[in-house]
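Okay, structure first, notes after.
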Amino acid sequence: GQQLNQSPQSMFIQEGEDVSMNCTSSSIFNTWLWYKQDPGEGPVLLIALYKAGELTSNGRLTAQFGITRKDSFLNISASIPSDVGIYFCAGQYAGNNRKLIWGLGTSLAVNP
Amino acid sequence: GAGVSQSPRYKVAKRGQDVALRCDPISGHVSLFWYQQALGQGPEFLTYFQNEAQLDKSGLPSDRFFAERPEGSVSTLKIQRTQQEDSAVYLCASSPTGARKTQYFGPGTRLLVL
């Protein structure tokens, strides 16, 4: 099935560092979403973006909806150990097609 | 309030066995989605219900996969004659009505077909 290009695939960083990850698509999306998934759990929504150019923050997390509507990025500032997990981007088309198209995930490890 | 719940959390099946996976959405949520997540991959869409109507089943990989939501709340994903390639985590999500229809996910059912 269709999946988005998400990079990097994995990151290993020191506590306190900033993190950036991004997602690109060949298709235009109406909505971009960023989820975090911990082992053995379902994805949890972090940030939702609904307009091209939109920049939204949630605590130490900031995400942007690209102007072309084909990309998005997520930044995490001052990482802490509990940021460990897999981060997924997901896109949703306009209209009644409600399904989410997902990236392959970015695995984040934080060294205390 | 209660989130999306799924049962069983783990299922081991012998190849050829039929399985049924249950999803209890958040109360009042109109839309319900099933996704399949293979190891190390992102989720992939299987099917979508609005109330009891199955509006999109384009992601179901074969006719061995069948989903229903007869009363517009609880949903069951059934896999007949399971194959090893069916081994995955099956995620259920629900969302309310409204313009910004965030999908809330359950913990998933981990299916292992031997």
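Proteins get letters first, then strands, A, B, ... in listed order; numbering begins at 1 in each. Model, not experiment: these values are computed from the prediction.
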Part of B:Tyr104 within contact of chain A (heavy atom distance under 4.5 Å): neither
Common cluster, A:Val19/A:Leu46, ILVMFWY with side-chain heavy-atom separation under 4.5 Å: yes
Smallest separation among heavy atoms of B:Pro43 and A:Gln3, with atom names: O-NE2, 3.4 Å
Under 4.5 Å from any heavy atom of chain A - which part of B:Gln6: neither
CG on A:Leu100 to OG on B:Ser95, rounded to 0.5 Å: 9.0 Å
ILVMFWY cluster, A:Trp32 and A:Ile101 together (side-chain gap under 4.5 Å): yes
Residue pairs fulfilling side-chain hydrogen bond (donor to acceptor under 3.5 Å, both in side chains) with at least one residue in residues 7-17 of chain B, sequence neighbours excluded: none
Toward chain B, the part of A:Gln9 with a non-hydrogen atom under 4.5 Å: neither
Transitive ILVMFWY side-chain link B:Leu55 to B:Leu60, under 4.5 Å: no
Residue A:Gln92 versus chain B: region with a heavy atom under 4.5 Å: side chain
hydrophobic_cluster_shared for B:Leu32 and B:Ile26, side chain cutoff 4.5 Å: no
Smallest separation among heavy atoms of B:Arg110 and A:Glu41, with atom names: NH2-N, 3.4 Å
Within 6.0 Å of CD in B:Glu71, more than 12 heavy atoms from elsewhere: no
From CZ (A:Phe88) to CD (B:Gln37), nearest 0.5 Å: 5.0 Å
Region of B:Thr47 in contact with chain A, defined by heavy-atom distances below 4.5 Å: neither
B:Leu114 atom CG, over 12 foreign heavy atoms within 6.0 Å: yes
Pair B:Phe105 and A:Trp102, ring centroids less than 6.0 Å apart: yes
Same apolar cluster: B:Tyr35 and A:Leu33, side chain cutoff 4.5 Å: yes
Atom of A:Gly42, atom of B:Leu91 and distance for their closest heavy-atom approach: CA-CD2, 4.0 Å
Heavy-atom side-chain contact between A:Lys99 and B:Ser58 under 4.5 Å: yes
